[in-house]
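Labels below follow one simple rule: chain letters A, B, ... track the order of the sequence lines, proteins then strands, and each chain is numbered from 1.
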Amino acid sequence: MAKSAAQSAAARVRELRQQIDHHNYRYHVLDDPEVSDAEYDRLMRELKALEGEYPDLITPDSPTQRVGATPVSELQEVVHARPMLSLDNAFLDEDVVAFDRRVRERLEDVEQVEYAAEPKLDGLAISFRYESGRLVQAATRGDGLRGEDVTHNVRTIKAVPTMLRGAAPKLLEVRGEVFMLIAGFKAMNQRALERGERTFVNPRNAAAGSIRQLDPRLAAGRPFDVFFYGVGETEGWKLPAKHSEALQQLREWGLKVSPLLKIVQGAEGCLHYYRDIGAKRASLPYEIDGVVYKVNRFVQQRELGFVARAPRWAIAHKFPAHEENTIVKGVEFQVGRTGALTPVARLEPVFVGGVTVSNATLHNMDEVRRKDVRIGDTVVIRRAGDVIPEVVKVILERRPKNAVEVELPKKCPICGSDVEREEGEAVARCTGGLFCAAQRKEALRHFASRRALDIDGLGSKIIDQLVEGEKVPKKVRSPADLYRLTAEDYAALERMGEKSAANLVEALGRSKQTTLARFLYALGIRDVGEATAAALANHFGSLEPLQEASEEAIQEVPDIGPVVAAHVHTFFRQKHNREVIAALRAVGVTWKDQQRRVAAAEGPLTGKTFVLTGSLDSMSRDEASDRIVALGGKVAGSVSKKTSYVVAGAEAGSKLAKAQELAVEVLDEKQFLKLLQSG
DNA sequence: GATCCTCGAGTTCT
DNA sequence: CTCGAGGATC
């Protein structure tokens with residue numbers, strides 16, 4: 001009786017493992033799950049329960065054994081049966097052309113070479129050994145000849161099958177890249193930060209660190225993924241004629257291959273592929289540092305052979321690096337429109353991500369202390385998918401003895417006024433107000449900016465001269481002064497010809513006809529940005545009632561609380577500000593009072609919130625957002641659970657990753673246009 | 001009182 | 001784009 005129960009348990013265990021392996025394959029390799037996560041969990045729980053009852057049935061390749069294997073005391077050395085080679089690097093198009101030429105010269109009678117091209121992932125190269133379809137060993141690349149045994153950790157990666165599907169050969173050693181998804185990496189870092197644990201600089205380091213852990217419980221649950229890209233030692237498998245065909249066979253065995261793998265012809269095909277992937281780079285959910293081209297036919301590969309430790313039949317074509325090291329030469333403090341003092345690191349110029357970077361913001365003193373940046377330090381600079389360079393961290397081992405700590409200045413570097421930092425606030429401010437030339441300049445620049453009065457041709461070089469100006473009849477102190485200068489006055493400035501001066505006066509004339517919302521925004525009231533200015537304009541309809549409104553009345557406006565209301569109220573109580581406003585109206589700045597509007601326009605998109613990222617082909621982001629609002633939708637700046645859609649254009653950045661993390665629906669340009677049309 | 005969602009402000013380089 | 005902080009909501 002007991003025996004037959006054990007027998008049926010064994011059968012059920014086999015059945016469950018088969019099902020779970022199948023669902024893993026659907027989920028991780030095909031990206032097309034058949035069952036819900038809940039159903040999957042139910043199968044896992046049943047298997048665990050049975051194995052708990054009959055421990056004899058537990059085998060190392062059971063899906064339950066991925067997590068919770070016992071820690072190892074040290075990583076064992078593994079000698080690779082076939083060396084894991086490194087690749088030659090190409091940085092320029094010419095390098096690729098030269099590579100292709102060398103290949104053709106060695107292969108006589110071949111006019112055009114076929115290459116298999118795929119992205120080069122920024123992860124960790126691993127060799128996986130399957131014996132009779134069963135994963136028996138996973139090892140790091142190491143120096144190429146010997147690596148470290150990391151089987152215990154690799155077993156916890158769900159995308160790595162512990163058992164191959166179908167008829168597997170007696171021995172199959174495959175190579176693949178283990179990497180971390182950016183979204184998962186960020187979430188993991190965030191959690192670590194909240195718990196006060198150490199964080200990782202980038203997904204690559206996180207992957208390498210996790211895989212080399214001794215305790216697999218630390219690696220389990222980390223957001224790993226894997227793509228297999230090559231074959232090592234085999235037994236009982238007759239290799240097909242082409243590399244791409246071999247990868248196709250790996251796919252059928254359940255080993256995940258990059259979906260971006262492509263067959264291309266000649267150097268031209270390679271370069272075309274490089275640009276194509278380069279354009280997609282920022283929107284991929286993982287980091288890549290280039291693409292790899294491999295001669296596709298195995299016969300040709302064998303004919304080409306190797307030099308030293310790199311094959312002659314493959315090359316890695318690198319993208320410009322995202323991260324570089326450089327030295328902090330100094331830290332200066334910039335003064336912004338509101339008087340905020342911002343520390344900026346002056347760097348030894350360094351080429352990162354396609355441009356030369358010589359400055360990077362440090363945001364505020366808290367940030368300086370948190371990262372512990374000192375003058376003389378060597379730092380890691382990153383230009384991720386975004387544009388703005390960032391100091392990632394200090395390389396402490398390279399800190400010179402005479403490194404200087406950054407001190408917050410006591411006096412404003414521009415005007416010499418006292419610097420104050422409110423209790424509990426991150427920013428320090430110059431107290432000089434409009435006495436400070438930096439604040440006057442920034443206020444003018446803000447006034448002229450595109451989203452304010454949009455005065456073309458009034459750049460910072462011109463503003464500098466107007467404010468400090470030797471060559472101006474009267475120094476410009478407020479925006480109203482701008483309208484009193486003539487074309488001749490402007491033409492007298494450095495780097496200003498008659499034509500530019502005429503254009504500027506023309507632009508000033510155009511700017512006089514504006515809207516209340518833009519005007520309020522242009523005034524530069526603290527904490528009043530575009531959205532708040534629009535809310536004030538909608539609520540009050542015209543300027544006079546707002547100027548006379550009490551703090552309480554201002555707080556009636558949606559999204560305005562006591563702090564902002566106080567700023568607005570104080571602004572209009574000040575004599576100087578009222579004079580500037582009167583002067584602006586006197587020179588002809590005007591707008592149509594708008595209807596007081598309570599609700600937004602009704603439309604097919606009412607209740608939907610959109611977030612835009614990347615650039616669209618058919619319209620600018622401003623146009624896109626106008627069209628959404630016209631149909632009753634809302635456009636927000638950041639992705640949250642309440643976001644209905646993220647519209648991702650070319651070179652979408654971190655918002656796309658965030659959307660994927662929160663499972664918010666993502667629309668590409670086509671789908672977005674369709675939605676607009678149907679509305 | 002805590003948490004989430006938005007907005008504002010400052011920033012790089014070509 | 002990122003960070004900090006104000007406002008709303010539970």
* Under 4.0 Å: is that the gap between some side-chain N or O of A:Asn359 and OP1 or OP2 of B:dT11? -> no
* Where each residue is assigned the nucleotide of DNA chain B containing its nearest heavy atom, which of A:Thr356 and A:Ala340 is assigned the position nearer the 5′ end? -> A:Ala340
* Asked: Residues in salt bridge (charged side-chain N to carboxylate O under 4.0 Å, His left out) with A:Lys441, at least two apart?
  -> A:Asp464, A:Glu468
* pair A:Thr609-A:Val635: side-chain heavy atoms closer than 4.5 Å -> no
* Find the distance A:Arg421:CZ to C:dG4:C1' and express it as a whole number of Å. => 12 Å
* To do: Answer yes when A:Asp372 and A:Arg374 have at least one side-chain N-carboxylate O distance shorter than 4.0 Å, and no when they do not.
  => yes
* Asked: Of A:Leu612 and A:Asp527, whose closest DNA chain C nucleotide lies nearer the 5' terminus?
  -> A:Leu612
* Length of the line joining A:Glu442:CD and B:dT11:P, which is rounded to integer Å -> 8 Å
* To do: Give the rounded distance in Å between these two atoms: CZ of A:Arg382 and P of B:dC13.
  => 17 Å
* Asked: For B:dT11, does OP1 or OP2 lie under 4.0 Å from any side-chain N or O of A:Gln334?
  -> yes
Can you check nucleotides 8-10 of chain C for protein contacts, nitrogen or oxygen pairs under 3.5 Å, and list what you find?
| from | atom 1 | to | atom 2 | distance (Å) |
| --- | --- | --- | --- | --- |
| C:dA8 | OP1 | A:Asp559 | N | 3.1 |

* **Where at least one partner belongs to residues 409-421 of chain A, residue pairs that pass salt bridge (Lys or Arg N to Asp or Glu O under 4.0 Å), sequence neighbours excluded** => A:Asp366-A:Arg421, A:Lys411-A:Asp418
* To do: Would you indicate, yes or no, if B:dA9 has its OP1 or OP2 atom less than 4.0 angstrom from a side-chain nitrogen or oxygen of A:Arg337?
  => yes
* Structure fact -> Across all chains, not counting sequence neighbours, the side chain to side chain donor-acceptor pair (under 3.5 Å) partners of A:Arg627 are none
* To do: Could you tell me the separation between the CZ atom of A:Arg526 and the C1' atom of B:dG8, rounded to a whole number of Å?
  => 11 Å
* Asked: Atom CD1 of A:Ile381 to atom P of B:dC13: distance rounded to whole Å?
  -> 10 Å
* Is any side-chain nitrogen or oxygen of A:Thr338 closer than 4.0 Å to OP1 or OP2 of B:dG10? -> yes
* Asked: If only side-chain N and O atoms of A:Thr361 are considered, is one of them under 4.0 Å from the OP1 or OP2 phosphate oxygen of B:dT12?
  -> no
* Asked: With a 4.0 Å cut-off on heavy atoms, is A:Arg370 in touch with a base, just the backbone sugar-phosphate, or nothing at all?
  -> sugar-phosphate
* **Residues in side chain to side chain donor-acceptor pair (under 3.5 Å) contact with A:Gln465, at least two apart in sequence or another chain** => none
* **side-chain N/O A:Asn364 vs C:dC3 OP1/OP2, d < 4.0 Å** => no
* Can you list every pair that meets salt bridge (Lys or Arg N to Asp or Glu O under 4.0 Å) and has a residue in residues 321-340 of chain A, with sequence neighbours left out? -> A:Glu323-A:Arg382, A:Glu332-A:Arg346
* Asked: Should A:Thr532 be listed as having a side-chain N or O under 4.0 Å from OP1 or OP2 of B:dG8?
  -> yes
* Nearest whole angstrom, please: distance from the C1' of B:dC7 to the CD of A:Glu530. => 11 Å
